[in-house]
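Everything on this sheet refers to the single structure shown next.
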Amino acid sequence: MFDVSTGLSPRIRQRPRLRQQESPRQAPTGRPRPSSVRAVTRWLLAHPDTLSEDDRVQLKAVLANCPELTALFEHVRSFSHMVARLQGDQLPTWIAAATSTTDLPSLRHFAQHLERDLDAVIAGLTLPWNSGVVEGHVHRIKMLKRQMFGRAGFERLRRRVLLY
């Protein structure tokens with residue numbers, strides 16, 4: 001039977017409410033939760049000037065607890081300086097330091113892959129020119145191709161690419 005005062009059937013019982021934790025950032029023991037992988041990655045890859053003071057303190061705490069992460073942080077920071085300042089002549093030294101690191105196999109593999117086409121990577125890190133304009137045109141043509149899919153033949157697509 002339906003109870004008008006409560007709006008519930010007599011068979012339906014309300015479940016007890018769960019007790020809420022003190023804070024979403026607190027673990028049940030009262031200690032702060034460890035930082036997420038995403039947050040630590042953001043701290044490692046961000047420019048130091050863009051980090052807030054709280055993020056800097058947390059990054060220092062994370063780096064103090066993990067020597068491998070500290071080594072990775074130093075390699076990532078030196079690589080970002082090379083890229084930002086177009087210092088491709090320092091790349092062979094960086095690759096030698098990164099490949100000698102035995103604790104970081106992913107970094108070692110990245111450095112070994114850079115060696116495969118070393119001349120092109122050095123040129124990309126040294127010369128002020130890039131292929132951004134060409135990539136923009138390629139992106140525009142791909143967008144037009146997606147828009148025209150199934151609508152008309154190749155000649156219509158060709159006209160649109162040439163006129164657009």
Side-chain angles (χ1 to χ4, degrees), residues 20-21 23-27 32-164:
Q20 293 181 353
Q21 290 183 353
S23 169
R25 291 288 297 164
Q26 295 284 325
R33 290 177 115 182
S35 302
S36 68
V37 173
R38 181 175 286 184
V40 173
T41 304
R42 183 177 56 85
W43 299 334
L44 291 174
L45 297 178
H47 193 277
D49 297 338
T50 61
L51 291 176
S52 68
E53 190 60 36
D54 185 43
D55 290 344
R56 288 181 190 158
V57 169
Q58 289 179 333
L59 176 61
K60 284 183 182 179
V62 168
L63 293 177
N65 292 328
C66 184
E68 292 89 5
L69 202 57
T70 305
L72 177 68
F73 178 68
E74 292 169 2
H75 286 295
V76 167
R77 190 55 46 100
S78 63
F79 188 78
S80 67
H81 283 293
M82 272 192 307
V83 171
R85 295 188 176 116
L86 295 178
Q87 298 172 339
D89 56 330
Q90 297 176 359
L91 186 65
T93 307
W94 184 87
I95 289 175
T99 53
S100 67
T101 306
T102 58
D103 297 338
L104 303 168
S106 297
L107 182 70
R108 190 174 65 244
H109 291 301
F110 174 71
Q112 289 170 348
H113 285 289
L114 288 178
E115 282 183 326
R116 288 183 181 176
D117 201 7
L118 187 63
D119 293 334
V121 177
I122 290 175
L125 291 177
T126 307
L127 302 174
W129 303 291
N130 61 35
S131 61
V133 175
V134 174
E135 293 297 327
H137 287 298
V138 169
H139 179 70
R140 178 183 59 87
I141 291 171
K142 286 182 178 182
M143 178 202 58
L144 291 173
K145 182 180 169 184
R146 284 187 207 107
Q147 287 177 348
M148 298 289 291
F149 182 76
R151 295 180 188 243
F154 177 74
E155 284 302 317
R156 176 115 182 197
L157 173 65
R158 181 176 175 273
R159 272 192 234 126
R160 187 157 181 210
V161 166
L162 293 175
L163 292 175
Y164 184 67

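Nearest heavy-atom pair across Asp89 and Pro92 is O-CD, 3.6 Å. Residues Val40 and Ser35 share a closest heavy-atom pair of CG2-CB, 3.8 Å. Closest non-hydrogen pair, Leu51 versus Arg42, comes out as CD2-NH1, 4.5 Å. In terms of heavy atoms, Leu86 sits closest to Gly124 at CD2-O, 4.2 Å. When all heavy atoms of Arg160 and Gln147 are compared, the pair lying nearest together is NH2-OE1, 3.1 Å. Contact record, Thr99 with Arg108: O-CD, 3.3 Å, taken as the closest heavy-atom pair.
Interatomic distance, Leu107 CG to Thr101 OG1, rounded to the nearest 0.5 Å: 6.0 Å. Here Ile95 contributes atom CD1 and Gln112 contributes atom CD; the two are 10.0 Å apart, rounded to the nearest 0.5 Å. The line from OG1 of Thr41 to CG of Leu72 is 9.0 Å long, rounded to the nearest 0.5 Å. Considering CZ of Arg156 and CE of Met148, their distance stands at 5.0 Å, rounded to 0.5 Å. In this structure, the separation between CG on Leu104 and CD on Glu68 is 7.0 Å, given to the nearest 0.5 Å.
Remark: the backbone N or O of Ala123 is not paired with any side-chain donor or acceptor of Thr126 at under 3.5 angstrom. Between the Ser52 side chain and the Asp55 main chain, a donor and an acceptor come within less than 3.5 Å of each other.
Counting only residues at least two apart or on different chains, the ring pair (Phe, Tyr, Trp, His ring centres under 6.0 Å) pairs with a member in residues 110-136 are Phe79-Phe110.
For the pair Leu69/Leu59, no side-chain contact is recorded, criterion being any heavy-atom separation below 4.5 Å from C-beta on. No side-chain heavy atom of Ser80 sits under 4.5 Å from any side-chain heavy atom of His47.
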Item to complete: Let me see the working for Glu53 and Arg56 under salt bridge (charged side-chain N to carboxylate O under 4.0 Å, His left out), right down to the final yes or no.
Response: CA-CA 5 Å; Glu53 190 60 36; Arg56 288 181 190 158; 3.7 Å; yes

Discussion item. What verdict does the side-chain contact (heavy atoms from CB on, under 4.5 Å) test give for Arg158 and Glu155, after you've listed the backbone C-alpha separation in whole Å, the side-chain angles of each residue and the deciding distance to 0.1 Å?
Written reply: CA-CA 5 Å; Arg158 181 176 175 273; Glu155 284 302 317; 4.1 Å; yes

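Legend: residues meeting side chain to side chain contact (heavy atoms under 4.5 Å, CB included) with Ala39, ordered by chain and number and at least two apart, are Ser36, Trp43.
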